[in-house]
Protein chains: 2
Amino acid sequence: MAESPRPTVTMPDRDPGEPIHQWVFRALRRAIMTGHFPPGQAVTIRGLAESMNVSAMPVRDALRRLVAERALELLDNRRVRVPSMTTERFDELLTARITLETEAATRALPLIDDTRLRELHAIDDRINRADAAGAPDTVVEQNFLFHLTLYTARPGSIFVPLIESVWLQTGPFMRVALEETPSKDPIDRHIEALAAIADRDPAALRRAIEADIRDGIGHLGNTGLLVRKQRPPGRLLSPGRSPRRAAKIASETTRNAREAGLT
Amino acid sequence: MAESPRPTVTMPDRDPGEPIHQWVFRALRRAIMTGHFPPGQAVTIRGLAESMNVSAMPVRDALRRLVAERALELLDNRRVRVPSMTTERFDELLTARITLETEAATRALPLIDDTRLRELHAIDDRINRADAAGAPDTVVEQNFLFHLTLYTARPGSIFVPLIESVWLQTGPFMRVALEETPSKDPIDRHIEALAAIADRDPAALRRAIEADIRDGIGHLGNTGLLVRKQRPPGRLLSPGRSPRRAAKIASETTRNAREAGLT
DNA sequence: GCTTGCAAAATGTGATCACATTATGCGCTT
DNA sequence: AAGCGCATAATGTGATCACATTTTGCAAGC
């Protein structure tokens with residue numbers, strides 16, 4: 001590993017009039033969600049700026065946004081990296097997805113019209129075709145789109161951004177998962193979800209969504225892919241004399257409280 | 001309203017070695033969560049920078065972070081403001097709080113030790129004293145701290161940042177709520193929660209948390225404080241010729257999908 | 001061979017400036 | 001008197017630079 005393992009980021013088309021920092025953000029978000037950044041990967045402002053042929057400023061903005069959405073992790077030395085995955089973290093993410101998405105689906109259900117239902121069917125078809133064609137990236141993408149299309153039936157939902165944050169956090173794990181797990185071709189939970197929508201059956205929809213999430217990533221929890229505890233190389237508290245960050249060590253509760261401004 | 005109604009932001013103490021942008025972020029976060037920024041309030045980089053006696057750069061960073069956490073709203077004209085509240089939005093926020101916090105409490109329950117339980121009792125005492133002394137700001141703060149201390153019993157929980165994002169979104173509404181609603185002095189749900197913790201009773205804890213959330217802000221949904229639809233003054237799509245943002249109008253689903261990089 | 005110390009490179013942070021776009025205020029026209 | 005148009009001010013975006021801190025590379029010492 002002598003070479004700098006800089007992962008190339010494929011840039012999407014830039015919308016006319018779109019700010020560069022949002023363009024960069026979209027590129028990084030896609031790269032992270034599809035797992036093109038391996039867990040633990042360090043990312044630097046200047047490095048990304050050079051590889052994307054933009055100045056440092058938009059990259060800085062995009063990184064800050066990604067850190068705020070928990071897609072990236074800010075170490076105490078002010079450096080940014082892709083979070084690594086532990087069994088505990090994986091379990092939390094799975095639970096969070098189920099908790100949020102079953103509720104979002106239930107609340108969206110009464111607002112799904114025929115047009116949207118047809119669109120959902122179309123996406124599911126695309127998933128099946130991509131799966132048959134052996135295009136796992138497309139499968140993952142269209143699967144996210146299926147869920148997103150379902151939840152956004154309720155406009156302005158608070159849940160969607162929260163769900164997307166969780167998706168981003170599971171992203172770095174996706175590629176490893178796609179490469180290592182046999183395509184087990186499970187029962188199509190989307191069919192069950194679509195049937196529940198047609199029946200206007202909230203309980204059945206909840207069951208289908210939860211099963212879909214568990215089928216998708218749940219079985220990965222027991223593979224050997226997860227690290228146990230992972231004290232990161234860039235440690236969470238630096239050792240020597242360091243006038244820059246003289247703040248005392250604080251418990252997570254205290255730290256959160258302070259950041260929240262709770263005296 | 002001829003004067004510029006710039007809300008003064010009281011700056012907290014700056015930790016030694018703390019970056020300025022984080023200092024600014026903490027100040028703004030606190031101001032927003034305690035409702036010192038009225039809904040609809042416009043915020044500008046230069047304006048805040050001047051009133052805080054810092055340069056524009058850290059303010060720009062802090063605003064971007066707050067927008068990412070949905071504490072502030074980014075209009076299409078690239079201007080930032082405090083989101084306004086609608087009945088639909090309020091209902092979503094209430095549901096999101098209950099969904100997330102009951103789950104977080106359940107998952108934290110097995111990890112609460114005696115020390116933390118005592119700390120929770122101490123916070124509840126402080127709430128009661130502040131309530132008796134007529135200090136609503138302290139009541140709100142310590143109430144958040146109570147919940148935060150409960151959920152962070154499980155270290156590294158994914159739920160805590162999600163919950164904090166929802167708190168931030170309810171923040172601007174808090175001051176209005178505190179000023180307009182009579183202190184109805186409801187039954188102390190925290191006592192019920194503490195009893196459920198002592199009994200290690202997850203179902204009872206869920207009930208207590210949900211009741212606490214509903215008692216705290218739920219009754220505000222029927223007051224006349226909420227706007228119905230609110231097409232904002234800074235409209236969501238600008239009128240004239242505008243080479244800067246030539247992107248076509250897109251549905252929420254499409255916009256989300258594009259931002260997520262889902263082709 | 002491994003550690004220690006120091007110099008050089010790399011990195012995040014913050015400040016300042018230029019520019020395009022947007023908002024605002026004022027005078028003019030009807 | 002009200003609506004319109006234009007000049008001016010205000011704002012977000014992006015670039016570049018300086019600086020303190022951190023990391024890295026390498027050589028000297030045990």
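The shown structure was predicted, so the numbers you read here are calculated from the model rather than taken from an experiment. Chain A is the first sequence line, chain B the second, and so forth, proteins listed ahead of strands; every chain is numbered from 1.
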Show me the protein contacts with nucleotides 6-9 of chain D, counting only N or O atoms at under 3.5 Å.
none

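Salt-bridge annotation for B:E69 and B:R65: present, with a side-chain N of the basic residue lying under 4.0 Å from a carboxylate O of the acidic one. Between A:R26 and A:D15, at least one side-chain nitrogen of the basic residue sits less than 4.0 Å from a carboxylate oxygen of the acidic one, meeting the salt-bridge criterion.
Between D:dT23, D:dT13, C:dA15, one nucleotide has an atom nearer to the side chain of A:M57 than all others, and that is C:dA15. Of all nucleotides listed (C:dT13, D:dG14, C:dG14), C:dT13 comes nearest to the side chain of A:R64. Each of C:dG14, D:dG12, D:dG14 was ranked by its minimum atom distance to the side chain of B:I20; first place goes to C:dG14. Ranking D:dT16, D:dT13, C:dG12 by closeness to the A:S55 side chain, first place goes to D:dT16. Of the candidates C:dA23, D:dG14, D:dT23, D:dT23 carries the atom nearest the A:N77 side chain, counting heavy atoms from C-beta on.
In this structure, A:L74 places its CG atom 12 Å from C1' of C:dT13, rounding to the nearest Å. Across the protein-nucleic acid pair, A:E18 atom CD and D:dG14 atom C1' stand 14 Å apart, rounded to whole Å. Between the C1' atom of D:dA15 and the CD atom of A:E50 lies a distance of 16 Å, rounded to the nearest Å. Rounded to whole angstrom, the span from the CG atom of A:D76 across to the C1' atom of D:dT22 amounts to 11 Å. For the pair A:W23 CH2 and D:dT13 P, the interatomic distance rounds to 17 Å; values are reported in whole Å. When the P atom of D:dT13 is taken as reference, atom CD1 of B:I45 falls 6 Å away, rounded to whole Å. As rounded to whole Å, 18 Å separates atom P of C:dT22 from atom CZ of B:R81. Atom CD in B:Q22 sits roughly 10 Å away from atom P in C:dT13 (whole-Å rounding).
Between the side chain of B:R60 and the base of D:dG12, no donor-acceptor pair under 3.5 Å is found. Between the base of D:dG12 and the side chain of B:R46 there is a donor-acceptor pair shorter than 3.5 Å.
Looking at residues two or more places apart in sequence or on another chain, you find a salt bridge (Lys or Arg N to Asp or Glu O under 4.0 Å) between B:E92 and A:R107, A:R154. With sequence neighbours left out, A:T115 forms a side chain to side chain contact (heavy atoms under 4.5 Å, CB included) with A:D113, A:R118. Residues meeting the salt bridge (Lys or Arg N to Asp or Glu O under 4.0 Å) test with A:R116, sequence neighbours left out: none. With sequence neighbours excluded, the residues forming a side chain to side chain contact (heavy atoms under 4.5 Å, CB included) with A:R126 are A:E119, A:A122, A:I123, A:R129, A:Q142, A:L145, listed by chain and number. Residues meeting the side chain to side chain contact (heavy atoms under 4.5 Å, CB included) test with B:A27, sequence neighbours left out: B:V9, B:M11, B:P12, B:M52.
Of the two residues near DNA chain D, A:H21 and B:R79, the one whose nearest nucleotide lies more 5' is B:R79.
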